[in-house]
Amino acid sequence: HNPHWSYSGEEGPDHWGDLSPDYATCKTGKNQSPINLMADDAVGTTSLPGFDVHYRDTVLKVINNGHTLQANVPLGSYIKIKNQRYELLQYHFHTPSEHQLNGFNYPMELHLVHRDGRGHYLVIGILFREGKENDALQTILNHLPKKVGKQEIFNGIEFNPNVFFPESKKFFKYSGSLTTPPCTEGVYWMVFKQPIEASAEQLEKMNELMGANARPVQDLEARSLLKSWS
Ligand code: SG4
Ligand code: ZN
């Protein structure tokens with residue numbers, strides 16, 4: 001059983017590393033996430049490997065696990081990068097955004113969590129800004145679990161999270177960590193530069209559901225931040 005953690009007070013982000021020896025990396029790690037994505041400081045390279053999105057329409061399974069609102073994905077959806085297949089496990093949301101873009105937070109961030117056959121994580125981050133209503137997000141908002149901690153399956157609701165990808169495929173890439181305890185490193189992060197839109201009402205509703213659940217930005221330390229354009 002893992003020690004309890006939260007986003008404020010005694011069990012908040014400043015204390016995660018002290019709550020358990022299992023969470024020490026949250027304090028001592030030098031490759032932590034999230035970070036501030038400074039476009040001008042990022043190393044531009046057009047030679048980053050491309051990625052192919054192979055997501056399927058699947059039944060919507062939603063859970064509020066007390067830390068985030070999350071959709072669990074049945075096997076069969078994956079991202080391909082250089083012949084490596086990263087299986088989509090789940091996606092979830094943070095309000096406000098965890099990553100900053102040029103020093104600013106956005107009202108929300110989506111994380112699509114993938115894992116390859118060797119257990120390496122790839123997380124894709126997509127930022128939301130306030131704008132027009134987002135139909136896909138509304139589908140999720142229309143199918144919320146009634147209780148915290150219990151997954152609800154909405155049979156008959158076919159959903160494909162590929163609708164969340166922004167038009168521009170420009171992205172940042174860096175090596176980071178899980179943004180929650182145990183803050184495990186070796187996570188391959190890709191964050192899209194172009195935010196997508198959701199309405200003020202939708203963002204407000206998400207914030208109401210989850211509360212503030214963003215870890216503050218961490219130092220880049222010795223890492224390089226890459227961008228897929230120059
Ligand atoms: C959220 O708490 C998810 O519910 C966790 O998923 C996830 O942990 C954690 O965030 C960290 O992921 O993309 N923000 S993040 O770095 O995916 C994992 C579950 O607990 C291991 C399944
Ligand atoms: Zn996350």
Side-chain angles (χ1 to χ4, degrees), residues 13 25-26 29-55 68 77-116 120-131 134 137 161-180 183-198 203 213-230:
T25 310
C26 300
K30 296 278 182 265
N31 301 282
Q32 291 290 290
S33 293
I35 59 168
N36 176 13
L37 305 164
M38 292 295 278
D40 287 347
D41 297 348
V43 180
T45 166
T46 48
S47 62
L48 279 180
F51 62 93
D52 290 311
V53 183
H54 298 268
Y55 292 173
T68 186
S77 289
Y78 62 94
I79 293 270
K80 220 169 109 182
I81 302 176
K82 282 198 298 195
N83 276 325
Q84 190 66 31
R85 193 177 148 135
Y86 293 89
E87 191 75 30
L88 177 64
L89 305 177
Q90 47 101 341
Y91 49 95
H92 62 267
F93 299 88
H94 298 266
T95 50
S97 70
E98 296 210 293
H99 287 92
Q100 291 180 339
L101 180 55
N102 298 324
F104 292 97
N105 284 88
Y106 280 73
M108 187 162 79
E109 183 171 341
L110 165 67
H111 288 159
L112 297 139
V113 180
H114 309 71
R115 199 170 52 194
D116 72 5
H120 297 146
Y121 283 100
L122 160 71
V123 186
I124 293 183
I126 296 172
L127 302 164
F128 282 75
R129 66 182 180 90
E130 190 182 313
N134 185 306
L137 180 61
N162 67 11
V163 294
F164 287 122
F165 284 84
E167 237 168 72
S168 166
K169 300 301 172 227
K170 289 179 181 173
F171 63 92
F172 294 94
K173 172 191 188 287
Y174 75 99
S175 177
S177 73
L178 298 177
T179 65
T180 65
C183 307
T184 313
E185 297 187 337
V187 175
Y188 178 166
W189 275 95
M190 273 175 67
V191 184
F192 281 93
K193 174 177 176 266
Q194 184 180 62
I196 61 170
E197 294 181 26
L203 294 166
N213 66 347
R215 186 190 197 190
V217 290
Q218 307 291 303
D219 287 334
L220 190 60
E221 306 283 356
R223 290 173 287 180
S224 37
L225 171 64
L226 304 182
K227 58 182 178 186
S228 71
W229 73 98
S230 50

Does any N or O in the side chain of [X] come within less than 3.5 Å of the main-chain N or O of [Y], such that one atom is a donor and the other an acceptor?
X    : Y    : value
Q194 : K170 : no
R223 : S175 : yes
R215 : P34  : no
N36  : L220 : no
E98  : S33  : no
T68  : F93  : yes
K30  : A222 : no
W229 : G44  : no
Q32  : C183 : yes
N31  : G186 : no

Would you mind reporting whether [Y] and [X] have side-chain heavy atoms less than 4.5 Å apart?
X    : Y    : value
W189 : H111 : yes
T95  : L203 : no
L178 : V113 : no
E87  : H114 : no
L112 : F165 : yes
Y188 : I81  : yes
F128 : F164 : yes
Q84  : L122 : no

Can you give me the closest heavy-atom contact between [X] and [Y], atom names plus distance?
X    : Y    : value
Y106 : P195 : CE2-CG, 3.5 Å
H94  : T179 : CE1-OG1, 3.9 Å
A198 : L137 : CB-CD2, 3.8 Å
F51  : I79  : CB-CG2, 4.1 Å
Q218 : P216 : NE2-O, 2.9 Å
N102 : A39  : OD1-N, 2.9 Å

Out of curiosity, D41 CG to L225 CG, how far, rounded to the nearest 0.5 Å?
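Reported value, rounded in 0.5 Å steps: 8.0 Å.
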Could you measure the distance from the CZ atom of F171 to the CG atom of L226? Nearest 0.5 Å is fine.
9.0 Å
Answer yes or no: are there more than 12 heavy-atom neighbours, outside E221 itself, under 6.0 Å from its atom CD?
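Yes, the 6.0 Å shell around CD holds more than 12 heavy atoms from other groups.
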Taking atom NZ of K169 as the centre, does the number of heavy atoms from other residues, nucleotides or ligands within less than 6.0 Å exceed 12?
yes
Angle class for the H54/Y78 ring planes (parallel below 30°, perpendicular above 60°, tilted otherwise)?
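Correct class here is parallel.
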Carefully, step by step, assess N105 and V217 under the rule side-chain contact (heavy atoms from CB on, under 4.5 Å).
CA-CA 10 Å; N105 284 88; V217 290; 5.6 Å; no
So among Y86, Y91, Y55, which one has a side-chain contact (heavy atoms from CB on, under 4.5 Å) with S77?
Y55
I would like to know whether F172 and M38 meet side-chain contact (heavy atoms from CB on, under 4.5 Å); could you show each step before the answer?
CA-CA 10 Å; F172 294 94; M38 292 295 278; over 6 Å; no
Using the rule given for side-chain contact (heavy atoms from CB on, under 4.5 Å), can you reason through V123 versus M190, listing the C-alpha separation, both sets of side-chain angles and the distance that settles it, and then say yes or no?
CA-CA 6 Å; V123 186; M190 273 175 67; over 6 Å; no
